[in-house]
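A quick note: this is a predicted structure, and the numbers were derived from the prediction, not measured. Here is the naming used below: chain letters follow the sequence lines, and residue numbers restart at 1 for every chain.
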Protein chains: 2
Amino acid sequence: MTAATSPASPDARTGHPTEAGVGARSRRGDGDRTRQTILDAADRLLMESASEDAVSIRAVADAVGLTAPTIYRHFTDKSHLLFEVCAVHFDRFDREVIAPVAERVEDPIEALREMAHAYVRFGLEDPEHYRIMFMGHADHTPEQYDDHQILSTGCFGTVVAVVERAVETGRLRRIDGGPLMTAYVLWSALHGIVATKVAKPNMPGPAPTALVEAVIDANLHGLAL
Amino acid sequence: MTAATSPASPDARTGHPTEAGVGARSRRGDGDRTRQTILDAADRLLMESASEDAVSIRAVADAVGLTAPTIYRHFTDKSHLLFEVCAVHFDRFDREVIAPVAERVEDPIEALREMAHAYVRFGLEDPEHYRIMFMGHADHTPEQYDDHQILSTGCFGTVVAVVERAVETGRLRRIDGGPLMTAYVLWSALHGIVATKVAKPNMPGPAPTALVEAVIDANLHGLAL
DNA sequence: GTGTTGTAGTTAACAGCGTTACGGGAACGA
DNA sequence: TCGTTCCCGTAACGCTGTTAACTACAACAC
């Protein structure tokens, strides 16, 4: 990568951190910088390999020029590392995509439609992140991501708020279970679309974009005659 | 289990196969019986442990009183073994649950409603089977389950037929993409419900049954006012 | 009865995994 | 200068899926 030093070479004590590597032993307070370097490397590995299996502790360690046990000084667990990597993506998605739509788009229906497309686009962009966050075994999930946390991470609250606005302005029916249930209904369908495409990218079927349109239309206007 | 021999003991050459074990070396043509024994053991392990990780090749081999490499004489791969285990469940579900509903229930709408509930019930009954079949990495999927096969396994064809009947009898709208698209819309929502509950059983939210009702109602009558 | 063949099984081993125990050295405060 | 603290490496454990090489034995032909 860089010309200065061969990055992440096993025995290179060449001095300063390389692009992705750590290089010489970090200073006393530089643990956090190393931690961030590890996060970045894991993120990159996860995106490039598109498989959680390829992101082994040893692979991450190699990528940053450390040894495997050192990772455990910065992260308690492999699942903690991976979830933190994914949480960054989900947080940014909520902050930079969903929240702006909620503010920008006046019409709640149109806002929901835009969010739906953005959500599916986001899920399919880095499928492995989506898989780890929403499709992984609960036993492999760190405690802090259990239950409510994983929902708030997934921009669910923003959607509920928009649904509430739509119900209050008379754009959506009020169903049993309230706006929360409505949000779950919509989210389930979108999650189904993403989860299918993430798990089986080559499965035949309609293009996600067309399916999202159909799902929204069906949920809004109904399929029955 | 049985009183005759200690099942699956490492060195027991005591004679006849035990309940789950193979026991004495099988005859020339008895390879298929051993194969089935392995399938049953893997199925049982998968249901009891509720985790694919617990179903290691060695664990299966131990359960039937064989050594790990022997498994490879009957199955080319771990994924092939697991998928065959799951395919049995899905086939039976289609044959014994979905198909009878399609025949028994005259009203296509009511049939779809019953199928939807049955589908979710089935998925949550043995979650690990559902996870392996529909939520696993495509790279871990044996070739013969790729693409169309996995769809026909999942009772999709039966649903499409019912939707077609509903459209032709004027019970459902004809949407862009035809009955196939309608089936995908409905299936996506159901898959979303099951996939969420399979991955995160403790996640807060409405009970699956209530959610299924809400999803069906929304898709039939629409949420918009 | 005596090979021969093919099947079903074994043992040993490889490469990789997540993870832990332990030790050493550099950087800091005193 | 001493002692503490933080960062990291080496070695190792027990597990995984999988392969190679070999053995035991039932079934067949002669």
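The aromatic ring centroids of A:Phe90 and A:Phe134 lie less than 6.0 Å from each other.
Nucleotide C:dT10 holds its C1' atom 10 Å from the CG atom of B:Leu66, rounded to whole Å. Between the P atom of C:dT11 and the CG atom of B:Asp62 lies a distance of 12 Å, rounded to the nearest Å. One interatomic measurement links the two molecules: NE2 of A:His140 to P of C:dG18, which rounds to 12 Å at whole-angstrom precision. Across the protein-nucleic acid pair, B:Asp32 atom CG and C:dG9 atom P stand 11 Å apart, rounded to whole Å. At whole-Å resolution of the value, CD1 in A:Ile71 and C1' in D:dG9 are 13 Å apart. Distance, B:Arg35 CZ to C:dA8 P: 12 Å, rounded to whole Å. In this structure, the NE2 atom of B:His80 is 15 Å from the C1' atom of D:dG17, given to the nearest Å. Atom pair A:Leu81:CG and C:dC17:P shows a separation of 14 Å (rounding to whole Å applied).
Contact check, A:His74 against D:dC8: a side-chain N or O comes under 4.0 Å of OP1 or OP2.
Where B:Ala68 and A:Thr70 meet DNA chain D, the nucleotide closest to each residue was compared, and A:Thr70 sits on the side nearer the 5' end.
The side chain of B:Tyr72 has D:dT18 as its nearest neighbour among D:dT10, D:dG9, D:dT18. Among the nucleotides D:dG9, C:dT20, C:dT19, the one closest to any side-chain atom of A:Lys78 is C:dT19. Residue B:Asp77 has its side chain nearest to D:dT18 when only C:dT19, D:dT18, D:dC8 are considered. Relative to the side chain of A:Ser56, the nucleotides C:dC17, C:dT11, D:dG17 differ in distance, and C:dC17 lies closest. Listed nucleotides: D:dT19, C:dT10, D:dG9. Nearest to the side chain of A:Thr67: D:dG9. With distances taken from any side-chain atom of A:Arg73 to the nucleotides D:dC8, C:dT10, C:dT20, the minimum falls on D:dC8. When the nucleotides C:dA12, D:dC8, D:dG9 are ranked by their closest atom to the side chain of A:Thr34, D:dC8 comes out on top.
In summary, the side chains of B:His191 and B:Tyr184 do not present any donor paired with an acceptor at a separation below 3.5 Å, with no hydrogens or angles considered.
Applying the 3.5 Å distance criterion, the base of C:dG18 shares a donor-acceptor pair with the side chain of A:Arg58.
In this structure, A:His89 contributes its side chain and A:Val85 its backbone to no donor-acceptor pair below 3.5 Å.
Contact check for A:Gln36 versus A:Leu39: side-chain heavy atoms found under the 4.5 Å cut-off. Side-chain contact between A:His140 and A:Lys78: absent, with no pair of heavy atoms (C-beta onward) separated by less than 4.5 Å.
Residue-level contact check: B:Asp53 touches neither bases nor backbone, having no heavy atom under 4.0 Å from any strand.
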